[in-house]
Amino acid sequence: MKGRVFSGARPTGRQHLGNYLGAIQNYVKLQADYDCIYCVVDIHALTTIEETGSIQGNIHEMVLDWLAAGIDPQRSIIFVQSQVPQVLELHALLSMVTPLSWLLRVPTFKEKARLQPQNVNYGLVGYPVLMTADIILYKADTVPVGEDQLPHLELAREIVRRFNSIFGPTFPEPKAYLTEAPLILGTDGQQKMSKSLNNHIELAANEAETRQRVMSMVTDPQRRYRTDPGRPEICNVDHLHRLFAAPAADEAARLCRVAGIGCVEHKAELARLLNAHLEPFRQRRAELAARPGLVKEVLGEGARRVSGVAQETLREVKERMGLL
Ligand code: AMP
Ligand code: TRP
């Protein structure tokens, strides 16, 4: 029997290179060998959003990116979290077997509490419990995510172990599945690429926007003049170049070390390469965007296809927990 993949992402709108290189690449790849379910987690988004008017538009843009990147709705399921409400019931039931102390020490919770002290809501604490419910409602065993999600996956495994030991073996322990580049830094060269930090490069940006973002990238801060030798090992331009064209990146790194190539030239080369690489994606995306109703249809069909499994798992959980 094929294994089952589940992953989710918050509806942040157009996807960026970090999403693509850290997660979406694997969503596409795993379709060949697994039954795959990909979820737009709109309820998770509510833990940080105060302005909810953008959610529907963001879902649309994000799903277009997923489809254009190669997620095939004939083979995989794409759906919106809130459209299959059994996950909320499972979340409530799992919260009864999850010690609060486990949740309060999750690093992402502490970080969010620091970033939004005016909005440390109850949902933020339960974030990893809801994520666990997402995954195990479908008894998924493999979860493609970026490195930032590893603490959540670890907690999911602990919750599953605890549930299984109290109520008997019910769920597989879900394992994270990483790409070769599970943490992509942003144009600042310091922090994780992320839309909220505005240090991102969108897949669907046009050529000029992409070039402008790449040209703004921060390189080796010690390299002040064109004649200074650079340190490619600490330079994000080198890292991204390497992911798209390893042999050419080796040559650029060799030249950088002896000041044979300047940062501006190197960035122009990366921008050219990215634009060439993303051109077919952008064309597919434009074609998909021109089909009215497509995204709604895919999401409606996805929710219909998963709801039987969701109901069955919930029934089993309630039985095990003595509710039936
Ligand atoms: P998010 O947009 O934060 O919901 O993330 C969606 C997926 O992309 C998750 O699997 C993240 O781990 C992954 N991801 C987001 N940003 C990055 C990044 N800068 N590098 C690698 N993976 C990322
Ligand atoms: N927490 C994930 C993120 O911020 C999104 C997510 C929700 C998820 N549920 C999931 C990822 C289940 C993998 C599996 O990106």
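Inspection of the Thr187 and His200 side chains reveals no N or O donor paired with an N or O acceptor under 3.5 Å. Under the 3.5 Å distance criterion, with hydrogens and angles disregarded, a donor-acceptor pair is assigned to the side chains of Gln31 and Ser76.
Other members of a hydrophobic cluster containing Met1 are absent, since no ILVMFWY side chain comes under 4.5 Å of it, directly or through relayed contacts.
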Chi angles and distances behind the side-chain hydrogen bond (donor to acceptor under 3.5 Å, both in side chains) call for Glu287, Gln283: CA-CA 6 Å; Glu287 284 160 22; Gln283 269 178 22; over 6 Å; no

Begin with the C-alpha distance, continue with both residues' side-chain angles, and end with the deciding distance and a verdict on side-chain hydrogen bond (donor to acceptor under 3.5 Å, both in side chains) for Arg213 and Asn199. CA-CA 8 Å; Arg213 285 268 159 162; Asn199 64 359; over 6 Å; no

Please evaluate residues Asp42 and Ser82 with respect to the criterion side-chain hydrogen bond (donor to acceptor under 3.5 Å, both in side chains), reporting the C-alpha separation (whole Å), side-chain torsions for both, the decisive distance (0.1 Å), and the verdict. CA-CA 7 Å; Asp42 54 348; Ser82 65; 2.5 Å; yes

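Both Leu90 and Ile166 are assigned to one and the same hydrophobic cluster, defined by single-linkage of ILVMFWY side chains at heavy-atom distances under 4.5 Å. The hydrophobic clustering, which links ILVMFWY residues whose side-chain heavy atoms are closer than 4.5 Å, places Val87 and Val97 together. Hydrophobic clustering places Leu104 together with Val129 (ILVMFWY residues linked when any side-chain heavy atoms are closer than 4.5 Å, directly or through intermediates). Linking ILVMFWY residues whenever their side-chain heavy atoms come closer than 4.5 Å, directly or via other members, places Tyr27 and Tyr34 in the same cluster. Under a hydrophobic-cluster definition in which Ile, Leu, Val, Met, Phe, Trp and Tyr are linked whenever side-chain heavy atoms come within less than 4.5 Å, directly or via other members, Leu94 and Leu88 are assigned to the same cluster.
The shortest heavy-atom contact between Glu158 and Arg105 is OE1-NH2, 4.1 Å. Minimum interatomic distance between Glu51 and Gly53 (heavy atoms only, all atoms of both residues): OE2-N, 2.9 Å. Considering all non-hydrogen atoms of both residues, Ser7 and Val145 come closest at OG-CG1, 4.0 Å. Nearest heavy atoms, Pro221 versus Ile234: CD-CD1, 4.1 Å. Heavy-atom minimum distance, Tyr20 versus Ala69: CE1-CB, 4.4 Å.
Lys267 contributes no side-chain N or O that, together with a main-chain N or O of Val237, makes up a donor-acceptor pair within less than 3.5 Å. In this structure, His44 contributes its side chain and Tyr127 its backbone to a donor-acceptor pair below 3.5 Å. Side chain of Arg282 to backbone of Ala205: a donor-acceptor contact under 3.5 angstrom is found. A distance-only check finds a donor-acceptor pair linking the side chain of Asn236 to the backbone of Gly186 [under 3.5 Å]. Without hydrogens or angle criteria, Asn121 side chain to Thr47 main chain gives a donor-acceptor distance under 3.5 Å. Under the 3.5 Å distance criterion, the side-chain polar atoms of Arg284 are matched with a main-chain donor or acceptor of Ala68.
Contact annotation: the side chain of Lys192 never approaches that of Ile184 to less than 4.5 Å [non-hydrogen atoms, C-beta and beyond]. Using a 4.5 Å heavy-atom cutoff, the side chains of Cys263 and Arg223 are in contact. Proximity of Pro73 to Leu67: side-chain heavy atoms (C-beta onward) are separated by under 4.5 Å at one or more points. Looking at heavy atoms from C-beta onward, Pro174 lies in side-chain contact with Val160 at the 4.5 angstrom threshold. Contact of the Leu137 side chain with the Phe6 side chain is not registered, since no non-hydrogen atoms from C-beta on lie closer than 4.5 Å. In this structure the side chain of Cys39 never reaches within 4.5 angstrom of the side chain of Val80, judged on heavy atoms. By the 4.5 Å heavy-atom criterion applied to side chains, Ile37 and Val5 are not counted as neighbours. Within the 4.5 Å cutoff, side-chain heavy atoms of Pro128 are placed close to those of Leu103.
Every pair passing ring pair (Phe, Tyr, Trp, His ring centres under 6.0 Å) that includes a residue from residues 69-115 is listed here, sequence neighbours excluded: Phe79-Tyr138. Residue pairs that meet the salt bridge (Lys or Arg N to Asp or Glu O under 4.0 Å) test with at least one member in residues 174-187, sequence neighbours left out, do not exist here. A side chain to side chain donor-acceptor pair (under 3.5 Å) check over residues 289-301, counting only residues at least two apart or in different chains, returns the pairs Glu301-Arg304. Contacts classified as salt bridge (Lys or Arg N to Asp or Glu O under 4.0 Å) and involving residues 9-30 (residues at least two apart or in different chains) are given here: Arg14-Glu202. Pairs passing the side chain to side chain donor-acceptor pair (under 3.5 Å) check and including a residue from residues 53-63, sequence neighbours excluded, read Glu61-Arg285. A side chain to side chain donor-acceptor pair (under 3.5 Å) check over residues 315-324, counting only residues at least two apart or in different chains, returns the pairs Glu89-Lys318, Lys139-Glu316, Thr170-Arg320, Glu312-Arg315, Arg315-Glu319.
Distance check: Thr52 OG1 to Leu46 CG gives 7.5 Å after rounding to the nearest 0.5 Å.
A salt bridge links Glu265 with Arg226: the closest approach of a Lys/Arg side-chain nitrogen to an acidic carboxylate oxygen falls below 4.0 angstrom.
No more than 12 heavy atoms of other residues, nucleotides or ligands shown are found within 6.0 angstrom of CD on Gln190.
The side-chain contact (heavy atoms from CB on, under 4.5 Å) search around Tyr225 returns Thr227, Asp228, not counting sequence neighbours. Scanning for side-chain contact (heavy atoms from CB on, under 4.5 Å) contacts around Glu269 gives His241, Arg272, with sequence neighbours left out. With sequence neighbours excluded, the residues that form a side-chain contact (heavy atoms from CB on, under 4.5 Å) with Gln222 are Asp220, Arg231. Partners of Gln15 by side-chain contact (heavy atoms from CB on, under 4.5 Å), not counting sequence neighbours, listed by chain and number: Thr12, Asn19, Ile24, Met62, Asp65, Trp66, Leu203.
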Got a list of side-chain donor-acceptor pairs under 3.5 Å for residues 243-258, not counting sequence neighbours?
{"residue": "Asp250", "atom": "OD1", "partner": "Arg242", "partner atom": "NH1", "Å": "2.7"}
{"residue": "Glu251", "atom": "OE1", "partner": "Arg254", "partner atom": "NE", "Å": "3.2"}
{"residue": "Glu251", "atom": "OE2", "partner": "Arg254", "partner atom": "NH2", "Å": "2.9"}
{"residue": "Arg257", "atom": "NH2", "partner": "Glu233", "partner atom": "OE1", "Å": "3.3"}

